[in-house]
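To start, the structure itself, in structure tokens.
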Amino acid sequence: MKIGFVGSANTTINCRPDKSFRLASYTKKKALEIIESNLTCIQKTIEFCIRNHFYFYRIADFIPFFSHSISISWVQIEEIFSELFLDIGKRIRNNDMRISMHPGQYTILNSPKEGVLNNSIKELEANVWILDKLKLDHTAKVQIHVGGIYGNKEEATLRFIKNFQRLPEFMKNRIVIENDDRLFDFKDCTALSKELNIPVVFDVFHHTIKNNNESTLESLNILGYLWDNKDGIPMVDWSYQEVDARMGKNANTIDLMLFKKFITEISDEDFDLMLEIRDKEKSALQAAKLLRTLGRL
DNA sequence: AGTTGTCAAGCTAGT
DNA sequence: ACTAGCTTGACAACT
């Protein structure tokens, strides 16, 4: 099992890999400065990961407005930052690290609106492009949710199938779907996985909020069959409810007792674990320490 | 100098 | 019909 954390890590590592700015103030100069700063931070973060035995990492938005028409061309970005891309890719590959990406709530493959769909495809293409430029194999994934319901879940599902099938192979090979906490749960994702032959990222926390009475352990069992060899072992996102907060809000910092309970429960399952705790690498360091004392890392 | 509202994008659910 | 919330900092626009 590899464990890891998401994107920004400003407290321990002292930099942010996802700096941005406002669209209204977009200039080529500003964009280039930010991209360089973000890439340099990712480089440092990858080094931090290797030092601390985090071999799973989620890259966050590091090229502002990358899929927007205002953006500097991808080819130009590749040329200007080729050394950084090369170096980061090499560090990841040489240490057998695994990378995931997770575009946000605006990336919706089943939207009935053509504009929304086109923007989503563009965004996915941009994410896939990044993993390709880092020369990562197909165990590196871009995870998205299925999307909206639009008043008819069956049609919404069929639209996802249709739109996914139209994507080019190089994108299909990278995309995985994740169960969400309100609309498309693990059962829905499993059905889509079989139909489209794409893997599912299992989000433990979302599953506790929306499920069909399958336990986490049962789900992890099924999950194992949804990943082909070429895609690697399953990816699992782990978090839990922040106390006294809106339902579905990720915890601010890790509760090691809860984490230990989870790890003990799932003892035989093989997967890579992404910690979605809001203080990122701080909690991840504690989790790693615990896993080592348990002999699991 | 400090405080507050806004930011590319969509959707759902609650008022 | 309208909007909070999804992540969260940076910056612009104010007092």
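Chain identifiers are assigned alphabetically (A, B, ...) following the order of the sequence lines, protein sequences preceding nucleic acid strands; residue numbering begins at 1 within each chain.
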Using atom [atom1] of [X] as one end and atom [atom2] of [N] as the other, report the distance to the nearest whole Å.
X	N	atom1	atom2	value
His102(A)	dC6(C)	NE2	P	14 Å
Phe21(A)	dA12(C)	CZ	P	12 Å
Gln105(A)	dA13(B)	CD	P	15 Å
Ile277(A)	dT8(C)	CD1	P	12 Å
Ile144(A)	dC11(B)	CD1	C1'	15 Å
Asp181(A)	dG5(C)	CG	P	15 Å

Does the pair Lys187(A)/Glu214(A) count as a salt bridge with the N-to-O cut at 4.0 Å?
-> no
Would you call Asp18(A)-Arg16(A) a salt bridge at under 4.0 Å N-O?
->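 Yes, this pair counts.
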When you compare [N] with [M], how far apart are their [atom1] atoms, in angstrom units rounded to a whole number?
N	M	atom1	value
dT3(C)	dT6(B)	P	11 Å
dG5(C)	dG5(B)	P	14 Å
dA8(B)	dA12(C)	P	12 Å
dA1(B)	dT8(C)	P	30 Å

Given that Arg278(A) and Arg182(A) both sit by DNA chain C, which one's nearest nucleotide is further toward the 5' end?
->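 By nearest-heavy-atom nucleotide position, the 5'-most residue is Arg182(A).
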Shared ILVMFWY cluster between Tyr106(A) and Ile177(A), side chains joined below 4.5 angstrom?
->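 The answer is no; the residues belong to distinct hydrophobic clusters.
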Looking only at the side chain of [X] (C-beta and beyond, no hydrogens), which of the listed nucleotides [options] gets closest?
X	options	value
Ile149(A)	dT12(B), dC11(B), dT7(C)	dT12(B)
Lys19(A)	dA10(C), dA8(B), dG10(B)	dA10(C)
Arg16(A)	dG9(C), dA8(B), dT7(C)	dG9(C)
His68(A)	dC11(B), dG10(B), dA8(B)	dA8(B)

Verify the distance criterion only: is there a donor paired with an acceptor across the side chains of His102(A) and Glu178(A) at less than 3.5 Å?
-> yes
Identified pairing partner of [N], criterion: Watson-Crick or G-U wobble below 3.5 Å:
N	answer
dT8(C)	none
dT3(B)	dA13(C)
dA13(B)	dT3(C)

Is any side-chain nitrogen or oxygen of Lys280(A) closer than 4.0 Å to OP1 or OP2 of dT7(C)?
-> no
Less than 4.5 Å apart, any side-chain heavy atom of Tyr150(A) and any of Ser111(A)?
-> yes
Does NZ belonging to Lys133(A) count more than 12 external heavy atoms closer than 6.0 Å?
->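 Atom NZ in Lys133(A) is crowded, with more than 12 foreign heavy atoms closer than 6.0 Å.
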With sugar-phosphate meaning primed atoms plus P, OP1 and OP2, does [X] contact a base, only sugar-phosphate, or nothing at under 4.0 Å between heavy atoms?
X	result
Leu183(A)	sugar-phosphate
Tyr150(A)	sugar-phosphate
Ser111(A)	sugar-phosphate

Could you tell me whether the side-chain ring of Tyr106(A) sits stacked on the base of dA9(B), using a centroid cut-off under 5.5 Å and a plane angle under 30°?
-> yes
